[in-house]
Amino acid sequence: MCGIVGYVGREEAVDFLITGLRRLEYRGYDSAGVATITPRRRLAIARSVGRIDTLEAQIAETPTPGSIGIGHTRWATHGSPTVANAHPHLGGNDVLALVHNGVIENFLSIRSRLESEGYTFTSQTDTEVIAHLIASSLAKQPAVDDMEAAAYEPLVAAVQMALAQLQGTYGLAILFRDYPEVMIAARCGSPLIVGVGSGEHFVASDTSPLAGRTDKIVFLGDHELAVITADSLRVIHRDQGHICHTIRVLDLQTDDIELGQFHHYMLKEIFEQPESITNAMRGRLDFDAATAKFGGLNLTPQQLHHAQRILLTACGTSWHAALVAEYQIEAMARLPVDVEYASELRYRNPPLDHNMLLFAITQSGETADTLAALREVRRKGYPALSICNVVGSTIANEADGGIYLHAGPEIGVASTKAFTSQCVVTALLALYFGRLHHLSFEAGTQIIEQLLQLSNQVRAALETNDRVAEIAATYAHCNNFLYLGRQYNFPTALEGALKLKEISYIHAEGYPAAEMKHGPIALVDKNTPSVFLVPHGTVYDKVMANMQEIKARGGPIIAVVSNGDTEAAQLADDVVEVPEVAEFLQPIVSIIPLQLLAYHIAVARGCDVDKPRNLAKSVTVE
Ligand code: G6P
């Protein structure tokens, strides 16, 4: 959701800006723009609605030269996707240009004040208010002859004065027309990083634009502001003044963010799962103690032993992983688990058990609601941990400790490999908590052995790809789907339905298979396929009975079954066979054909798989 890039160096800024914006496309956007300061000290701006290709074509016609620049992909919040609303926005008499991620809540009152001071607005955005506000503060600063020697203090003071008046969230990158060697970046609530190169610096809202350019990253914290030139970087905190910044060296591989042989990131990431699952387990299996081990929980085994209740919070696909975790932890550790949508938890104020431990589950580590829920629980004094993919993300940083997924960058908007990695990590957690309580050494060892086979079983499940593509061709015209499963496969059904909705715009509902009789069965007809998850396990016969009920009403059935299951094949119209695995791992294997089904149906319907309409990869607004 919205992306920022910036460059200060000696090369043409626009080259990095355009490449960087392409790498941020996955976050979701509807318009884009860049601004540079030209060698003649002019602000050159290009903005367009739609894809980066359109912006690039515009720049080819009217270049934006210069070795300092900013760029933005916008996902509309305040004002529709138009050129006028696209970033960068200009401030004052075009003295500055800025790009902004986040939402300014008090923008209307500031706007009327600035209008009464004579500032003219050309957009409906909250961002333009920041641009004029900084310009207005800048006009009040004393003139300084040698700005560089003054360490750009008047610019910093102007930005700080403006930021102090804002309520809401922002990640900002700002250019000043009359100071073409310096950029200011600032952050409160919206992620922003600075990449340190040799004689150049980069700014971005996540690490993907920086792969191949630098691996040295400074993560800005809230209320921090960076003063950046080609050769220098200073970080200033709102309350503490100048602070020493830490440069972290990350492993950023360009392969991770390139498509390679695949047509879409989503398919690439689906096929990466045997590896991402292995990475989620790497170094975390303790064979000697028949348990799992984690490096970053930052709680002692004694503290963890005293956790008598687990609260899981998340949004979207990560919430489905939390539901899987609920089954896993309750079964293995016999601890009560509650799962809450983060957007509900943040305002619900539920009574919490004093021995409660929170896990926020999130791929991006930036989801606004999940962050707010984590903060609320921490504020009340409870330990709050994260299960997160993006290293250095806000939630990972703010949590008391946590577990990284190590799944590599997930670019496709529809989450796939992050989901299975989350379910692996929660299985490890369930094992860990189980062994803290009453799970025997033998049971722990058996679980480890089952986990060790998982990667190959997922690889085998991926071999269903051709069969699933055939099934997709049969049903791609249908406009309603039901996804049905029980126990561990109820969350799988929810996740399968979400995948289809997200990328093919088909209405799909996931339900516990038996609950289907209490309403959704009314939807069943010959044009409404039901996708059943019916692997061998404790509820196999029950789900088979639910399949009969759909069959009796003439609904087509697609069934995901265990290898060699002929019984289910007699009932279903189409069958996909996946390896038989322990029940706590079934969601990880059963979801594979459902991810593929959603993918192939979306492709068959001509949908933009990696950039589905209206969706954003990382939802950084409430
Ligand atoms: C957005 C994405 C979903 C994701 C959800 C939660 O809606 O489109 O794919 O599941 O956010 O994101 P998180 O990064 O917190 O897992």
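By convention here, the first residue in the shown sequence is residue 1. Whatever order the structure lists ligands and atoms in, that order sets their numbers, starting from 1.
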### Message
If the contact criterion is a heavy-atom separation under 4.0 Å, does Ala418 count as touching ligand 1?
### Response
no

### Query
Gln363 heavy atoms, cut-off 4.0 Å: which ligand 1 atoms fall inside?
13 (P), 14 (O), 15 (O), 16 (O)

### Query
Taking the six-membered ring for Trp, are Tyr599 and His264 ring centroids under 6.0 Å apart?
yes

### Shortest protein contact, atom 15 (O) of ligand 1 (heavy atom only)
Thr367 OG1, 2.5 Å

### Query
Is it true that the NZ or CZ of Arg613 lies under 6.0 Å from the centre of Tyr505's six-membered ring and within 45 degrees of the ring axis?
yes

### Query
How about Leu405 and Cys388: do any of their side-chain heavy atoms sit closer than 4.5 Å?
no

#### Entry: Nearest neighbour in protein (non-hydrogen) for atom 4 (C) of ligand 1
Thr317 N, 4.2 Å

### Task
Output yes when the distance from some N or O of ligand 1 to some N or O of Ser618 is under 3.5 Å, and no in every other case.
no

### Task
Look at atom 1 (C) of ligand 1 and say which protein heavy atom is nearest, naming residue and atom and giving the distance to 0.1 Å.
Ala616 O, 3.5 Å

### Message
Could you tell me, atom by atom, which parts of ligand 1 come under 4.0 Å of a heavy atom of Ser318?
### Response
10 (O), 13 (P), 16 (O)

### Heavy-atom donor-acceptor pair, Asn389 side chain to Ser364 backbone, under 3.5 Å
no

### Query
Hey, mind stepping through Thr278 and Glu275 against side-chain contact (heavy atoms from CB on, under 4.5 Å) and telling me if it holds?
CA-CA 5 Å; Thr278 304; Glu275 202 183 325; 5.6 Å; no

### Query
How far is atom 6 (C) of ligand 1 from its nearest protein heavy atom, and which residue and atom is that?
Cys315 O, 3.4 Å

### Task
Among all protein heavy atoms, pick the one closest to atom 3 (C) of ligand 1 and tell me residue, atom and distance.
Glu502 OE2, 4.2 Å

### Minimum side-chain heavy-atom gap Leu267-Leu596 below 4.5 Å
yes

### Query
For atom 11 (O) of ligand 1, which protein heavy atom lies nearest, and how many Å away is it?
Lys617 O, 3.9 Å

### Task
Provide, to 0.1 Å, the distance between atom 7 (O) of ligand 1 and the closest protein heavy atom, together with that atom's residue and name.
Val619 CG2, 3.8 Å

### Message
Once you measure the plane-to-plane angle for Phe433 and Phe359, does it fall in the parallel (<30°), tilted (30-60°) or perpendicular (>60°) bin?
### Response
perpendicular

### Gly412 backbone acceptor or donor facing Lys617 side chain under 3.5 Å
yes

### Task
Please say whether Ala414 places an N or O atom under 3.5 Å from an N or O atom belonging to ligand 1.
no

### Summary
Counting from 1 in the order shown, the ligand 1 atoms closer than 4.0 Å to a non-hydrogen atom of Val413 are 8 (O), 9 (O)

### Query
Between Arg74 and Asp126, is there a side-chain N and carboxylate O pair less than 4.0 Å apart?
no

### Message
Tell me whether ligand 1 is touched by Leu615 - counting only heavy atoms on the residue side and a distance under 4.0 Å.
### Response
no

